[in-house]
Amino acid sequence: MLEIKDLYASVNGKEILKGINLTIRKGEVHAIMGPNGSGKSTLSAVLVGNPAYEVTKGTVTFEGKDLLALKPEDRSHLGIFLSFQYPVEIPGVSMVNFMRTALNEKLKYEGKEPLSASAFLRLMREKRAIVELDNKLANRAVNEGFSGGEKKRNEIFQMAMLEPKLSILDETDSGLDIDALRIVGEGVTKLKTPETSCIVITHYQRLLDYIKPDIVHVLYNGRIVKTAGPELVMELEKRGYDWIKDEVGE
Amino acid sequence: MGAKQQYIDLYAENKDLIQQHSSDVMNKHREQAFADFNRMGFPTQKQEEYKYTNVDKLFEPDYGLNLNRIHIPVNPYEVFKCDVPNLSTSLYFVVNDSFYDKALPKAHLPEGVLLGSLRRLSTEYPELIGKYYGKLADTSKDSVTALNTFLAQDGFVLYVPKNVVVEKPIQLVNTLRADVNLMANRRILIILEEGASAHLLICDHAMDDMQFLSTQVVEVFVGENAQLDFYELEETHTKTVRFSNMYVDQARDSKTLFNGMTLQNGKTRNMTRIMLSGQGAEVNLCGMAIADKNEHVDNNTLIDHVASDCTSNELFKYVLDDQAVGAFAGKVLVRPGAQRTVSQETNKNLCATKQARMYAQPMLEIYADDVKCSHGSTVGQLDERALFYMQQRGIPLKEARMLLMFAFVNEVINTISLDALKERLHILVEKRFRGQLNQCDGCAICKR
């Protein structure tokens, strides 16, 4: 599904990613862990085409297409979704209007008819239930005045609406209390199908208790320095990252 | 010398003609206004109030005038369908500067309400209209007001007597219609007596692809406990120049909403002077401008807190694209003795390009010690983070920009109390942002 080869990227002239190689197949869940500043969020930003980041070398293909040549909206239309670490507040733009525009743009891209108002509202209601998002929030402006937990639940709600093929969760567990973590974790699990894949960027085991990874990577200093099965999560939780740094020899 | 002399000559040569096709009430003010104009000439940009608009240059071209009141062969009720469809209004027209009364609709106005041609009504009710006409618009202080006062021959008047409520909104459409470049000088007089209430929507349109220069002086008297909602919407074109000077006097406990929206224009300068002369009066003064190409929108406002316990809220928002120029100079003046004044002034602006220019000047002058006043202004760009967030969800950049600009001006549109008008404006603004404003289906004018 996704193939990253020798990817280098920088922000404001500073090189952050230094040769990432990663292959994600259909149905797989990959966890990406690693100490602060190792490049995890940069990787997710580059995959969705954030203009603040510059790719200096390497290729990314998604279902055979050259992803880096595509505009962010087209990457979205192809089925790539990012749950933002810091969801953006958009005063004056209602959730309903925002979501409806997004969904209809996707349908347009797929050559389908836009949803009727009633069909859309029915879909909103159905998907809202997955993350227990209050109707009041759905009627407000995008993320405006939402608590940290509400914002993250809203991200998963949007994911449910857009039904992406590849979801990237960038520290979706940060700032969540135990209940919100459960709701988000269970929500993502409900949305998971054998056809969809997921990249979970996190510092902790706790979200991975809900979303079981098939493969775990450790990103350090802009490179993937270790790849293993789910047992690596437990080991990192116990031992931290220093032993990996030692292995890498820095 | 500039543009001044041609207007001096114009008046000197056509004085009789002008007077002959007007009313005594209006004629009475001409000589003084002419003397004032002669003394002042057009303001230069060195004058604080006209800092952002080059008046002389805009008055320089040679425009035709219809001083002889030659009938313009047009029935606006037939050609003009581009109004606010779901809004049930009593609809009237001023063609250039004359009130159109050839085919008036059957209006069910409450008894005692006077509405129509200023020239005719001031002839029929000289005492009533004479009591108000020219009382607020001081010709000795402003050249454009002076010019308008000695040239204007007609316009619109609305008089609502004591305790009369006009439920149905009144819509007045100013249409500019000519086969040559034309100057139109119109006058609007609104009188709400004690306890009266009305909604008024004035739309400015230009029907022909000519150069137009319009001057408009509006005088508004709001009596004790009276309520007025006054909306102004400009949808002209890039060859149009508009000068509008509005003077408002609010008596005790009166409440008003003024919302001036510039959707499409050429060069526009709107001056608004609101005097809160009675205790407990409240004004909500809003405005919005969407400008691109070389459009120019200058709003100059003064809210004058004369009496105590008055409230004023002011909100102006601009969205400027291409090389458009916006100016907002808003002064709130709290006079000695105007205690317990509550005043808030906000001006927010978006510049979508590096070439767009915004001049923002919020001003607050306070001469009383027990007041709550704030003022502020921002000029910025669209939020890049929000744009990217929307793109990530599949919304194309162009659409995302539109959603953000739309959200930005929504705050002003949402102050509108008439739902149908609010809805219509949402559509108009969206069309405006999509560059489709001149392509609306309902309008016979646009189809040409």
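Below, read A as the first sequence line, B as the second, and so on, with proteins coming before strands; counting in each chain starts at 1.
- Salt bridge status for B:Glu235 with B:Arg424: absent, with no side-chain N to carboxylate O gap under 4.0 Å.
- Note on B:Gln391, B:Glu411, B:Gln392, B:Arg385: by heavy-atom pairs under 4.5 Å with chain A, the leading option is B:Gln392.
- Summarising the local packing, CZ of A:Arg140 is surrounded by more than 12 heavy atoms from other residues, nucleotides or ligands at distances under 6.0 Å.
- Cation-pi check for B:Lys317 over B:Phe408 is met; the charged atom lies under 6.0 angstrom from the ring centroid and within 45 degrees of its normal.
- Residues of residues 64-76 of chain A lying within less than 4.5 angstrom of chain B, judged on heavy atoms, are A:Pro72, A:Glu73, A:Ser76 in numerical order.
- The aromatic ring centroids of B:Phe406 and B:His426 lie less than 6.0 Å from each other.
- Rounding to the nearest 0.5 angstrom, the gap separating the CG atom in A:Leu169 from the NZ atom in A:Lys152 is 10.0 Å.
- Of residues 96-116 of chain A, those residues lying under 4.5 Å from chain B by any heavy-atom pair are A:Asn97, A:Phe98, A:Thr101, A:Ala102, A:Glu105.
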*asked:* Under the criterion side chain to side chain donor-acceptor pair (under 3.5 Å), I'd like the reasoning laid out for B:His375 against B:Asn347: C-alpha separation, chi angles, the key distance, then a yes or no.
replied: CA-CA 8 Å; B:His375 70 319; B:Asn347 166 231; over 6 Å; no
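- Using a 4.5 Å cut-off between heavy atoms, A:Leu82 touches chain B through backbone and side chain atoms alike.
- In this model, a donor atom of one side chain and an acceptor atom of the other lie less than 3.5 Å apart for B:Ser417 and B:Tyr231.
- Of the atoms belonging to A:Pro164, not a single heavy atom falls under 4.5 Å from chain B.
- Taking the charged nitrogens against the carboxylate oxygens, A:Lys26 and A:Glu195 do have a contact shorter than 4.0 Å, which makes a salt bridge.
- Ionic pairing of B:Glu399 and B:Arg434 is present here: one or more N-O contacts between side-chain nitrogen and carboxylate oxygen are shorter than 4.0 angstrom.
- At a cut-off of 3.5 Å, with distance as the only test, no side-chain donor of B:Asn265 or B:Thr262 sits close to an acceptor on the other residue.
- B:Asn284 pairs in a side-chain hydrogen bond (donor to acceptor under 3.5 Å, both in side chains) with only one of the listed residues (B:Thr311, B:Asn313, B:Thr256, B:Thr415), which is B:Asn313.
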